[in-house]
K.L.:
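Handing you this structure, nothing more for now.
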Amino acid sequence: MLELTLRGEFIELDKLLKAMGLAESGGRARLAIAAGEARVDGQVELRKTAKIRAGQVVDFGGQQVRVLQGPPGG
């Protein structure tokens with residue numbers, strides 16, 4: 001399982017996929033999300049800019065990403 005440490009309160013789903021290298025571009029990430037290819041905490045997520053917060057798990061392309069809380073004031 002991959003891990004991503006937040007720098008703020010949340011990260012938008014399309015940006016998470018791009019940042020983790022699971023989508024080669026933001027446009028590709030948005031298309032894949034719209035096609036129902038992303039899951040957040042086991043549920044299909046169709047909102048491209050869904051706010052992903054610490055403790056959530058994103059499934060995409062056979063990979064899982066656990067989102068961790070960054071340092072306070074991140």
K.L.:
Side-chain contact test, heavy atoms from C-beta onward, threshold under 4.5 Å: evaluate it for E45 versus R39 and give yes or no.
P.N.:
no

K.L.:
Shortest non-hydrogen contact from I33 to L46?
P.N.:
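Closest approach of I33 to L46, heavy atoms only: O-CD2, 3.4 Å.
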
K.L.:
Please give me the minimum heavy-atom distance between A38 and L13, naming the atom from each residue.
P.N.:
CB-CD2, 4.1 Å

K.L.:
Could you report the tightest heavy-atom contact between K18 and G26, atom names first, then the distance?
P.N.:
CD-N, 3.6 Å

K.L.:
Quick check: is M20 connected to L6 through a chain of hydrophobic side chains (ILVMFWY, heavy atoms under 4.5 Å apart)?
P.N.:
yes

K.L.:
For V65 and L17, run side chain to side chain contact (heavy atoms under 4.5 Å, CB included): C-alpha distance rounded to whole Å, both residues' side-chain angles, the deciding distance at 0.1 Å, then the answer.
P.N.:
CA-CA 9 Å; V65 180; L17 297 180; over 6 Å; no

K.L.:
Out of curiosity, does F10 fall in the hydrophobic cluster containing F60 (side-chain heavy atoms, cut-off under 4.5 Å, transitive links)?
P.N.:
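No, F60 and F10 fall in different hydrophobic clusters.
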
K.L.:
Checking salt bridge (charged side-chain N to carboxylate O under 4.0 Å, His left out) for the pair D14/K48: CA distance, chi angles, key distance, verdict?
P.N.:
CA-CA 6 Å; D14 59 341; K48 300 165 193 75; over 6 Å; no

K.L.:
Tell me, yes or no, whether the heavy-atom count around R28 atom CZ, taken from other residues, nucleotides or ligands under 6.0 Å, exceeds 12.
P.N.:
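No, because the 6.0 Å sphere around CZ of R28 holds 12 heavy atoms or fewer from other groups.
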
K.L.:
Give the intermediate values and the outcome of salt bridge (charged side-chain N to carboxylate O under 4.0 Å, His left out) for residues E12 and K51.
P.N.:
CA-CA 5 Å; E12 293 174 348; K51 294 177 180 176; over 6 Å; no

K.L.:
Checking side chain to side chain contact (heavy atoms under 4.5 Å, CB included) against V57, which of L2, I52, D41 comes through?
P.N.:
D41

